[in-house]
Enquirer: 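Below you will find the structure I want to go over with you.
Remember, it's 1-based here, ligands and their atoms both numbered in the order they're listed. A quick note: this is a predicted structure, and the numbers were derived from the prediction, not measured.
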Amino acid sequence: EAKAQGRNRYAFFEASLQKALEEDVRLCEALRQALEGDAGADEPLALHLQPIVSLREGKLHHFEALLRWGKAPPSRFIPLAERRGLIRPLGRWVLQRAARLASAWGIPISVNVSPSELTGDFARELEQVMREAAVAPGGLILEITEAAILAEGTQAVLEQLRALGVPLHLDDFGSGYSSLEYLVHLPIDTLKLGQGFLRALGDPPELSSPADRVVRAVVSLGKSLELAVIAEGIESETQLEYLKGLGVQMGQGYFLGRPAGESSAATRWGLGL
Ligand code: C2E
Ligand code: MG
Ligand code: MG
Ligand code: MG
């Protein structure tokens with residue numbers, strides 16, 4: 001009896017694993033088609049652009065490019081692409097598209113890069129993409145995560161990128177295994193304060209709370225290391241006022257502007273396409 005039940009449970013487990021695997025393979029094939037721009041692809045790839053705004057003047061500073069693919073969230077298909085060896089071609093697609101927009105609009109665009117992209121000839125490939133699209137130096141910004149810094153072999157690529165003058169923004173700062181040591185050694189220009197800080201503060205932000213003290217400490221760390229700070233996830237005016245009061249230079253979030261498709265972003269921000 002018990003044995004039979006155990007067998008059933010195992011069979012169930014195996015069946016759901018099997019299903020997850022098949023779903024992975026199906027999605028991966030569809031993603032490959034989208035990447036090849038197949039006429040048969042159900043869902044094309046697209047970029048959404050979200051403004052990063054200088055808080056003092058309320059002016060557009062640059063856009064972050066966020067990849068879109070049908071209804072699947074990036075948290076689903078980016079890890080899939082990483083697992084299945086598609087992240088380099090996918091990342092290249094994003095870089096080329098972003099480079100064209102940055103060149104056409106004359107506005108810098110930041111692109112998220114996965115740790116596994118920061119290997120081999122990445123810096124040279126990026127240089128080529130920028131040259132082909134005639135993007136000014138600084139016109140493409142890379143957003144990297146703490147995971148990328150810790151990954152084997154990325155240091156050399158980061159140094160090459162620094163030599164090329166590519167601005168590097170440290171994404172989701174404070175949400176991973178933050179080590180303060182690499183802030184001193186690495187060629188990083190800007191810290192992006194992860195959304196978690198604002199979530200933890202509450203809205204309106206609770207002054208003198210532990211979260212408030214941590215945010216103030218990080219902002220002053222940024223100042224003393226001469227790193228610009230971008231606050232992520234600003235959803236209200238009270239959060240915006242709080243961050244301005246702290247002297248945070250830039251912000252991003254639904255309150256300042258949601259991610260939007262290329263043509264709506266161009267219309268909204270008065271850019272020529
Ligand atoms: P991220 O780089 O931290 O991007 C910011 C995420 O926060 C985006 O989610 C954006 O839509 C969302 N967001 C912006 N403002 C607000 C706000 O006020 N409130 C809330 N709740 N969320 C806000 P999205 O587009 O779902 O992307 C998720 C993650 O996927 C990104 O996090 C990034 O790590 C990754 N990603 C997106 N596009 C790419 C890409 O082209 N390449 C790679 N490697 N990763 C990407
Ligand atoms: Mg990012
Ligand atoms: Mg982020
Ligand atoms: Mg992220």
Enquirer: Please work out whether any backbone atom (N, CA, C, O) or any side-chain heavy atom from C-beta onward of Gln239 is under 4.0 Å from ligand 1, and answer side chain, backbone, both or neither.
Expert: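 For Gln239, no heavy atom sits under 4.0 Å from ligand 1.
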Enquirer: Taking only non-hydrogen atoms of Lys192, do any sit less than 4.0 angstrom from ligand 1?
Expert: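 No, that is not the case, since the closest heavy atom of the residue is not under 4.0 Å from the ligand.
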Enquirer: Hey, is the main chain of Leu168 close enough, under 3.5 Å, to the side chain of Asp189 for a donor-acceptor pair?
Expert: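 Yes, Asp189 side chain to Leu168 backbone: donor-acceptor pair under 3.5 Å.
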Enquirer: Tell me whether His61 at atom NE2 has more than 12 heavy atoms from other residues, nucleotides or ligands lying less than 6.0 Å away.
Expert: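 Atom NE2 in His61 is not crowded, with 12 or fewer foreign heavy atoms closer than 6.0 Å.
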Enquirer: With a 4.0 Å cut-off, would you call Lys19 and Glu14 a salt bridge?
Expert: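 No.
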Enquirer: Please confirm whether the backbone N or O of Gln50 pairs with a side-chain atom of Arg258, one donor and one acceptor, at under 3.5 Å?
Expert: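 No; judged by distance alone, with no hydrogens or angles, the pair does not exist.
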Enquirer: Please could you name the atoms of ligand 1 that Asp172 approaches to less than 4.0 Å, counting only its heavy atoms?
Expert: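 Listed by number with element, the hits are 3 (O).
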Enquirer: Would you find a donor on one side and an acceptor on the other, under 3.5 Å apart, between the side chain of Glu206 and the backbone of Leu201?
Expert: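 Checked: no pair found.
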Enquirer: Answer side chain, backbone, both or neither: which part of Arg258 comes under 4.0 Å from ligand 1, heavy atoms only.
Expert: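 Neither; nothing of Arg258 gets under 4.0 Å from ligand 1.
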Enquirer: Are the side chain of Thr267 and the backbone N or O of Ser263 linked by a donor-acceptor pair below 3.5 Å?
Expert: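 It does hold such a pair.
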Enquirer: Judged on heavy-atom distance to atom 31 (C) of ligand 1, which of Leu256, Leu45, Ile78, Leu66 sits nearest?
Expert: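 Among Leu256, Leu45, Ile78, Leu66, the closest heavy atom to atom 31 (C) of ligand 1 belongs to Leu66.
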Enquirer: Look at atom 33 (C) of ligand 1 and find which of Asn112, Ile144, Ile234 reaches it with the closest heavy atom.
Expert: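 The option holding the nearest heavy atom is Asn112.
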Enquirer: Between ligand 1 and Pro73, can you find any atom pair, the residue atom being a heavy atom, that is separated by under 4.0 Å?
Expert: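 Outside the 4.0 Å threshold, so no.
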Enquirer: Below 4.0 angstrom, N of the basic side chain to O of the carboxylate: do Arg97 and Glu262 qualify?
Expert: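 Yes, this pair counts.
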Enquirer: Given side-chain hydrogen bond (donor to acceptor under 3.5 Å, both in side chains), test Glu22 with Gln18 step by step and report yes or no.
Expert: CA-CA 6 Å; Glu22 280 166 10; Gln18 181 68 28; 3.1 Å; yes
Enquirer: Does ligand 1 have an atom that lies less than 4.0 angstrom from a heavy atom of Gln50?
Expert: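 The answer is yes: ligand 1 sits under 4.0 Å from a heavy atom of Gln50.
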Enquirer: Which of the atoms of ligand 1 are close to Pro259, meaning less than 4.0 Å from one of its heavy atoms?
Expert: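 Numbered from 1, ligand 1 contributes 11 (O).
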Enquirer: What is the name of the N/O/S atom in Glu64 that sits closest to the Mg ion (ligand 2)?
Expert: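 In Glu64, the heteroatom (N, O or S) nearest the Mg ion (ligand 2) is OE2.
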Enquirer: Just by modelled atom types, is the His48 backbone N or O under 3.5 Å from a matching donor or acceptor in the Arg68 side chain?
Expert: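 Side chain of Arg68 to backbone of His48: no pair is present.
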Enquirer: Could you see which bit of Val111 sits under 4.0 Å from ligand 1, with heavy atoms only: side chain, backbone, both or neither?
Expert: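 Contact part for Val111 vs ligand 1: neither.
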Enquirer: Has Glu143 got an N/O/S atom less than 2.8 Å from the Mg ion (ligand 3)?
Expert: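 Glu143 does not place any N, O or S atom closer than 2.8 Å to the Mg ion (ligand 3).
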Enquirer: Below 3.5 Å, N or O to N or O, backbone or side chain included: is there any such pair between Leu67 and ligand 1?
Expert: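 Yes - when backbone and side-chain N and O of Leu67 are compared with those of ligand 1, one distance drops under 3.5 Å.
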Enquirer: If we set the cut-off at 4.0 Å for heavy atoms, which region of Ser114 has an atom near ligand 1: side chain, backbone, both, or neither?
Expert: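 The answer is both, backbone and side chain.
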Enquirer: Can you confirm whether more than 12 heavy atoms, excluding those of Glu226, are under 6.0 Å from its CD atom?
Expert: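 Incorrect, the count does not exceed 12.
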Enquirer: For the Mg ion (ligand 3), what is the closest N, O or S atom on Asp172?
Expert: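 Answer by atom name: OD1.
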Enquirer: Looking only at heavy atoms, is any part of Glu64 under 4.0 Å from ligand 1, and if so is it the side chain, the backbone, or both, or is it neither?
Expert: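 The answer is the side chain.
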Enquirer: Relative to the heavy atoms of Val94, which atoms of ligand 1 are at a distance of less than 4.0 Å?
Expert: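 Reading through ligand 1 atom by atom, the close ones are 41 (O).
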Enquirer: Strictly under 4.0 Å, does any heavy atom of Glu232 approach an atom of ligand 1?
Expert: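 Judged by the 4.0 Å heavy-atom criterion, Glu232 does count as contacting ligand 1.
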Enquirer: Under 4.0 angstrom from ligand 1, any heavy atom of Ser75?
Expert: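 Per 4.0 Å heavy-atom rule, Ser75 does not contact ligand 1.
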Enquirer: Pairs of donor and acceptor atoms involving the side chains of residues 72-84, under 3.5 Å and at least two apart or interchain, shall be tabulated with distances.
Expert:
residue : atom : partner : partner atom : Å
Glu82   : OE2  : Ser114  : OG           : 2.7
Arg83   : NE   : Asp24   : OD2          : 3.4
Arg83   : NH2  : Asp24   : OD1          : 3.0
Arg83   : NH2  : Asp24   : OD2          : 3.0

Enquirer: More than 12 heavy atoms of other residues, nucleotides or ligands under 6.0 Å from CZ of Arg124: is that the case?
Expert: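 Not buried by this count: 12 neighbours or fewer within 6.0 Å.
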Enquirer: Give the single entry among Arg97, Gln195, Arg199, Glu143 that approaches atom 22 (N) of ligand 1 most closely by any heavy atom.
Expert: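 Closest candidate by heavy-atom distance is Gln195.
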Enquirer: Regarding Glu29 and Arg32, does a basic nitrogen lie under 4.0 Å from an acidic carboxylate oxygen?
Expert: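 Arg32 and Glu29: salt-bridged.
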Enquirer: Which N/O/S atom belongs to Asp171 and is the closest one to the Mg ion (ligand 2)?
Expert: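 Nearest to the Mg ion (ligand 2) within Asp171's N, O and S set: OD2.
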Enquirer: List every atom of ligand 1 that sits less than 4.0 Å from any heavy atom of Glu235, numbering the atoms from 1 in the order shown and giving each element.
Expert: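 Heavy-atom distances to Glu235 below 4.0 Å select 17 (C), 18 (O), 19 (N), 20 (C), 21 (N).
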Enquirer: If I take every N, O or S atom of Asn112, is at least one of them less than 2.8 Å from the Mg ion (ligand 2)?
Expert: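 An N, O or S atom of Asn112 is closer than 2.8 Å to the Mg ion (ligand 2), so yes.
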Enquirer: Could you check which N/O/S atom of Glu232 is closest to the Mg ion (ligand 3)?
Expert: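 This turns out to be OE1.
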Enquirer: Which pairs would a plain distance check flag for residues 150-161, meaning a side-chain donor or acceptor within less than 3.5 Å of a matching protein atom at least two apart in sequence or in another chain?
Expert:
residue : atom : partner : partner atom : Å
Thr154  : OG1  : Ala148  : O            : 2.6
Thr154  : OG1  : Ala151  : O            : 3.1
Gln155  : NE2  : Ile149  : O            : 2.9
Glu159  : OE1  : Arg162  : NE           : 3.4

